[in-house]
J.: 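Let me begin by handing over the structure; questions about it come next.
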Amino acid sequence: TSLCRIYKKTSGNGSIALYLGKRDFVDHVESVDIVDGVIKVDPAELEGRKVWVYLACSFRYGSDDLDLIGMNYRKDIWIKRQQIYPVDGTKPANTPMQEALLKKCEDQGHAFTFNIDNNLPCSVGLQPAPEDVGKACGVDYEVKAYIANEADDPDEKINKKDTCRLIIRKIQFAPGTIPAGPQADISKNFMMSDKLVHLEASIEKELYFHGDQIPVKVKINNETTKVVKKIKITVDQTTEVLLYQTDKYTKTVLNEEFAEEVKGESTMEKTFMVVPLLSNNKEKRGLAVDGRLKDEDTNLTYTTVQKFGGILVSYKIKVNLLVSSGGLLGGLTAR
């Protein structure tokens, strides 16, 4: 038999337990993996109440501290609820994962299935500053089982010991075919001269994975008498938040300088390797990172492929030449 990890959370009173076979659910753009799990119910302490489960997609835009002063620090973007116990209506056929989980619960297990709308945002967190406390801002998905008389009665207070919850992630994988990489070029002349410096930058393919070295090919044709003193390569992450309001900002995730000298009336062609990593950017507040599960390590978030709102992320490589000009440095940038 193959071994698989089971994720389990039990309520404080021990009456209900939530089981999931995985916590990453893939958005294939046209459809999203179903969320299939099981809840174990011990009816002895329910006292006539029912057991419910919900799946919620929420945007967190503040710390838990705000809740103490009556401000809501999270907004539900989408939420679906189901009654688990007593059994209400017909359920879809169990998945193989649910069958395996039900065996662990014996006769107290109840399966549930949610279909995530494919127009919902993916799980993305915004990195807090080192001094920030509490949960990070961003989009998250939560599966929560709870004991209550009604599914969603604002007048009914649900005790924390009557709940159990697990955070899951909606993620995207890279497409099967990887397009050729982009190319950019620029030419510039300087005062009192009609000669040009030509800069061309390109990458082999459009897509790289976490931790991959990105080879940036740089071609320089220096027709002037000036000297190119160094080459600077930066990688910028642009994050566009299309939820509570439209907010767009750019942060540099890699900035490297190479002491390459290209004398006047000469050429150079060279490939420089760069690797943008979250580990080199731990201090930067607001960077978009993959949705975090508890204390697991994560990465700079991937470029999002999304037709609708959410937190959209993209990356840009910039190549800068620094050219000497009588003791001054002039700039030349290709993106």
Side-chain angles (χ1 to χ4, degrees), residues 127 174-175 177-240 248-289 299-305 312-335:
Q127 179 170 268
T177 56
I178 299 176
Q183 175 184 310
D185 58 81
I186 189 173
S187 299
K188 183 172 180 177
N189 64 345
F190 296 92
M191 194 179 297
M192 309 296 290
S193 171
D194 58 354
K195 301 288 188 180
L196 297 170
V197 178
H198 303 277
L199 166 63
E200 181 185 300
S202 61
I203 51 178
E204 292 177 357
K205 54 184 183 175
E206 197 175 68
L207 189 144
Y208 292 86
F209 294 92
H210 294 305
D212 282 357
Q213 288 195 323
I214 302 174
V216 182
K217 189 175 184 179
V218 176
K219 293 182 182 178
I220 300 168
N221 180 8
N222 183 8
E223 298 175 354
T224 73
T225 56
K226 302 182 187 300
V227 179
V228 174
K229 288 291 189 181
K230 64 175 77 166
I231 297 169
K232 183 168 78 167
I233 298 178
T234 58
V235 179
D236 289 343
Q237 180 196 77
T238 298
T239 302
E240 193 169 3
K248 186 174 181 177
Y249 56 91
T250 297
K251 292 184 179 289
T252 298
V253 295
L254 178 139
N255 186 356
E256 291 190 22
E257 291 188 355
F258 302 90
E260 297 287 339
E261 188 170 277
V262 185
K263 290 186 165 50
E265 300 177 340
S266 65
T267 63
M268 188 200 80
E269 184 174 324
K270 190 168 183 178
T271 298
F272 300 90
M273 311 301 283
V274 296
V275 187
L277 294 170
L278 178 59
S279 56
N280 298 330
N281 292 276
K282 289 288 191 183
E283 307 295 310
K284 291 184 181 172
R285 176 192 232 149
L287 272 186
V289 299
N299 298 293
L300 292 167
T301 199
Y302 44 80
T303 300
T304 47
V305 182
L312 309 184
V313 179
S314 60
Y315 292 88
K316 179 186 292 181
I317 295 174
K318 291 192 296 186
V319 179
N320 234 59
L321 297 188
L322 298 176
V323 183
S324 68
S325 178
L328 301 174
L329 292 180
L332 185 63
T333 304
R335 300 187 177 198

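Every heavy atom of this structure was used, including side-chain atoms; hydrogens, water molecules and symmetry mates were not. Quick note: residue numbers are just sequence positions, from 1. Bear in mind that the values here come from a model prediction, so they are computed numbers and not experimental data.
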J.: How long is the straight-line distance from CD of Glu206 back to CD1 of Ile178, given to the nearest 0.5 Å?
T.: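 Here the interatomic distance stands at 9.5 Å.
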J.: Is there a side-chain contact between Leu300 and Tyr315 (heavy atoms, below 4.5 Å)?
T.: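 Yes, at least one pair of side-chain atoms sits under 4.5 Å.
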J.: Can you list the steps and then say if Glu261 with Lys263 is a salt bridge (charged side-chain N to carboxylate O under 4.0 Å, His left out)?
T.: CA-CA 6 Å; Glu261 188 170 277; Lys263 290 186 165 50; 2.9 Å; yes
J.: If you measure from CD on Glu240 to OG1 on Thr304, what distance do you get to the nearest 0.5 Å?
T.: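 Those atoms lie 9.0 Å apart.
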J.: Do Thr234 and Asn320 make a side-chain contact, defined as non-hydrogen atoms from C-beta onward lying under 4.5 Å apart?
T.: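 No, every pair of side-chain atoms sits at 4.5 Å or beyond.
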J.: What is the distance from atom CG of Asn281 to atom CG of Asn255, rounded to the nearest 0.5 Å?
T.: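 Reported to 0.5 Å precision, the distance equals 10.5 Å.
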J.: Between Ile233 and Ile317, is a side-chain contact (heavy atoms from CB on, under 4.5 Å) present by the stated rule, with each step listed?
T.: CA-CA 7 Å; Ile233 298 178; Ile317 295 174; 4.1 Å; yes
J.: How far apart are the closest heavy atoms of Ser187 and Leu196, and which atoms are they?
T.: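 Looks like CB-CD1, 4.3 Å.
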J.: Do the side chain of Asp212 and the main chain of Phe209 share a donor and acceptor less than 3.5 angstrom apart?
T.: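 At least one qualifying donor-acceptor pair exists.
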J.: Can you tell me if Gln183 uses its side chain to pair, donor with acceptor, with the backbone of Glu200 under 3.5 Å?
T.: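 No, Gln183 side chain to Glu200 backbone: no donor-acceptor pair under 3.5 Å.
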J.: Does the Lys284 side chain pair with the main chain of Thr252, one donor and one acceptor, at a distance under 3.5 Å?
T.: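 Answer holds: yes.
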J.: Going by heavy atoms in the side chains, are Val197 and Lys226 under 4.5 Å from each other?
T.: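 Of all side-chain heavy-atom pairs linking Lys226 with Val197, none is under 4.5 Å.
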J.: Crowded around Glu257 CD? As in, over 12 foreign heavy atoms under 6.0 Å?
T.: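 Enclosed: over 12 neighbouring heavy atoms sit under 6.0 Å from CD of Glu257.
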J.: Would a 4.5 Å heavy-atom cut-off, applied to side chains only, mark Ile231 and Met268 as touching?
T.: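 Yes, their side chains come closer than 4.5 Å.
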J.: Would you mind reporting whether Val218 and Thr271 have side-chain heavy atoms less than 4.5 Å apart?
T.: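 Heavy-atom side-chain distance check fails, nothing below 4.5 Å.
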J.: Salt bridge or not for Lys217 and Glu269, using N-O below 4.0 Å?
T.: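 Salt bridge: yes.
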J.: Which pair of non-hydrogen atoms, one from Pro276 and one from Ile214, has the smallest distance, and what is that distance?
T.: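 Looking at all heavy atoms of both residues, the closest pair is CD-CD1, 3.9 Å.
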J.: Go through Tyr208 and Ile203 one step at a time and tell me if the side-chain contact (heavy atoms from CB on, under 4.5 Å) criterion holds.
T.: CA-CA 10 Å; Tyr208 292 86; Ile203 51 178; 4.1 Å; yes
J.: Using side-chain heavy atoms (C-beta onward) and a distance below 4.5 Å, is Phe258 in contact with Lys270?
T.: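 Not in contact.
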J.: How long is the span from the NZ atom in Lys195 to the OG1 atom in Thr225, to the nearest 0.5 Å?
T.: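 Interatomic distance, Lys195 NZ to Thr225 OG1, rounded to 0.5 Å: 10.0 Å.
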J.: With a 4.5 Å cut-off on side-chain heavy atoms, are Thr267 and Asn221 touching?
T.: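 They are in contact (side-chain heavy atoms under 4.5 Å apart), so the answer is yes.
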J.: Restricting to side-chain hydrogen bond (donor to acceptor under 3.5 Å, both in side chains), what partner residues turn up for Glu256, sequence neighbours left out?
T.: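 Glu256 satisfies side-chain hydrogen bond (donor to acceptor under 3.5 Å, both in side chains) with no other residue.
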J.: If you define the side chain from C-beta out and look only at heavy atoms, does anything of Thr239 sit under 4.5 Å from Tyr249?
T.: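 Contact flag for Thr239/Tyr249 side chains = yes.
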J.: Begin with the C-alpha distance, continue with both residues' side-chain angles, and end with the deciding distance and a verdict on side-chain contact (heavy atoms from CB on, under 4.5 Å) for Gln237 and Leu287.
T.: CA-CA 8 Å; Gln237 180 196 77; Leu287 272 186; 3.4 Å; yes
J.: Do you know the tightest heavy-atom contact between Asn222 and Gly264?
T.: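 Here Asn222 and Gly264 meet closest at ND2-CA, 3.6 Å.
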J.: Could you give me the CA-CA distance, side-chain angles and deciding distance for Ile220 and Glu260, then say whether side-chain contact (heavy atoms from CB on, under 4.5 Å) is met?
T.: CA-CA 11 Å; Ile220 300 168; Glu260 297 287 339; over 6 Å; no
J.: With side chain to side chain donor-acceptor pair (under 3.5 Å) as the test, would you mind laying out the steps for Thr250 and Thr238 before giving the verdict?
T.: CA-CA 4 Å; Thr250 297; Thr238 298; 2.9 Å; yes
J.: Kindly compute the distance separating NZ (Lys230) from CG (Leu322), expressed to the nearest 0.5 Å.
T.: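 Spacing of NZ (Lys230) from CG (Leu322) equals 6.0 Å.
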